[in-house]
Structures are given as structure tokens and as C-alpha cells.
Amino acid sequence: MPVVRYVALGDSQTEGLGDGDEASGLRGWADRLAELLDAAEPGLRYANLAVRGQLAGQVRATQLDAALALRPDLATVVAGMNDLLRPRFDADATGAELEAMFAALTAAGARVATLTFPAMERLVPLARPLAPRVPALNARIREAAARHGVTVVETYGEEVVVDPRLWSPDRLHAAPLGHARIAAAFAHALALPGSDRDWAAPLPAVPPVRGVRALAAEARWVTGFLGPWLGRRVRGRSSADGRVAKRPGLGPVGAGRGAGGFEAGRSGQAGG
């Protein structure tokens, strides 16, 4: 079935953090997937409702109705990582929020795609205590997807996905190369013409960073990223505060990143 309307729901990864900046505009894997879809079937109209920092329940509460109103042929739903990082993470509750979105979108006639999350302790050694949460959430995602005929991009267990070169310095958001690989993975899962499993091909080997250099890198990460993140949590602040969707309405793929002028649509609201 040709995809004429594509709507992306989610948080910072779908918004495109790590791929571009606030001045030039964020690109991200969803924008890149829209470009691939438009190349295969010109005339695609695309909306991106994602807002950084939102929990899965906030994505459902602020983005689902807007997505349904846009009557997408294809919707991607990627959320849950922010839940996973919270002290009171509940895999069943997060999975239920995702399943509610899967159910509503597929019932409205949209094809829906999502993904599983990588082993975060491979990227952030200090996150080892949280390691069991990822497979628990991934299991809920797979189960919910199976019940509603949702396409799942399997990233968990793919070695290239935990290659630091695919990730931004904060280790939580993909770098441009990582966003490109995610878009290619979705294209392959959706059987887009010309797509293949090259997205999972390993990068050329490089010597690992060890010893003093590795410790220095961890110290820089704690100071530059973990510290500010913890500070926001203590103050009850979120990166979602004051943010709205970058593409709240459907528009041509090439209309520009971070710009207005699309068909009217309800943007995501600030979250906690």
C-alpha cells in the first residue's frame, strides 16, 4: 500500500536530537525515513509530533489524538527510553502506554512500526544497574506489537548499534550516522524498495579506548551530561518544558526542518 501520509510520534530520538542543531534545524531518523519514503513514492506528506523528554504516557496523552486526526497511512511510535531512566520504571505500565498507541493507530487503518532498544549498559557503563530494564521493556514491545500487527525493528543484539561512533557524546542520542542507520533499518523492516540489511553492517574496527583515556572520557561524560540531567530531575524540570512539535501538521518532506507552514495539526505539549 503506498504511503501518502506519514506521522512520527515519540521523544527526542524521533525529534532528531544529535542530528543537526537548534540553529540549522534537527533532522533525525524520522526525517531521513520520510526522505526515503518520498524517494520511493513522491508526494509524501509528513508530520513529526515528537517532543524531547516525554515519557510514553505523555506521548500518548499529547500526540496520539493529533496523529489520529492526520489520518496517517504509516505511523512510527518510538518511546519508553525516558521511562526506563526513571527510578520508578515499570515495564508493564510503559508497555501498556505503547500498546494503547499501537491499538488506536492500527484500528484507524495505519500501518505502525516501532523498535526495540539497545543494551544501554554497553554505551553507558554506569548504567549497568539498569541493564535488566531494557530486555524487560523490549519484551513488552514485542508482545504488544504482535497483538496489533505492528512492524518491529530489532536493534537489541545488533553489535553495530552499540558502536560509540553511532552515538552523540551524551551517549543517549544517536549521532548523524546513527540516525541514518535507524532510518535504513525502518526502511528495511517496511520492505521499502532498494532497502537491505546494510544498516546492520559493522563499522571498520578501531582500537578500543582503555586505561587513563577511558577514565577521562567517563569523567567528561559525568560532568557534561549526567550532572546536568540529574540536576533537572532534582529541580523537577524536563527537557520537554516549553517545547512543541517541530512539524505538527502534514507537509511536503522538503518543506524544511523546524519550520512552520504545514497543514494545521496539534503539537505535543510540554511534559515532566
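None of the values given here were measured: they were computed from a predicted structure. This chain uses plain numbering: 1 for the first residue, then up along the sequence.
Between the side chain of Thr116 and the main chain of Thr155, a donor-acceptor pair closer than 3.5 Å is present.
Between atom CG of residue Asp196 and atom CG of residue Asp198 there is a gap of 3.5 Å, rounded to the nearest 0.5 Å. With rounding to the nearest 0.5 angstrom, the OG1 atom of Thr14 is 12.0 Å from the CG atom of Leu26. Here Gln58 contributes atom CD and Gln63 contributes atom CD; the two are 9.5 Å apart, rounded to the nearest 0.5 Å. A distance of 12.0 Å separates CZ of Phe117 from CD of Glu154, quoted to the nearest 0.5 Å. Note that CD1 of Ile182 and CG of Leu177 are 10.0 Å apart. Values are rounded to the nearest 0.5 Å. Rounding to the nearest 0.5 angstrom, the gap separating the CG atom in Leu55 from the OG1 atom in Thr94 is 8.0 Å.
For the side chain to side chain donor-acceptor pair (under 3.5 Å) criterion with Glu15, the lone passing option out of Gln54, Arg52, Lys246 is Arg52. Tyr6 pairs in a side chain to side chain contact (heavy atoms under 4.5 Å, CB included) with only one of the listed residues (Leu74, Leu250, Asn48), which is Leu74.
In this structure, Arg181 does not pair ionically with Glu158, as no charged nitrogen and carboxylate oxygen lie closer than 4.0 Å. A salt bridge does not link Arg60 to Glu99: none of the charged side-chain nitrogens sits closer than 4.0 Å to a carboxylate oxygen. Under the 4.0 Å criterion applied to side-chain N and carboxylate O atoms, Arg32 and Asp19 are assigned as salt-bridge partners.
For Arg147, the CZ atom counts as densely surrounded, since its 6.0 Å shell holds more than 12 non-hydrogen atoms of other residues, nucleotides or ligands.
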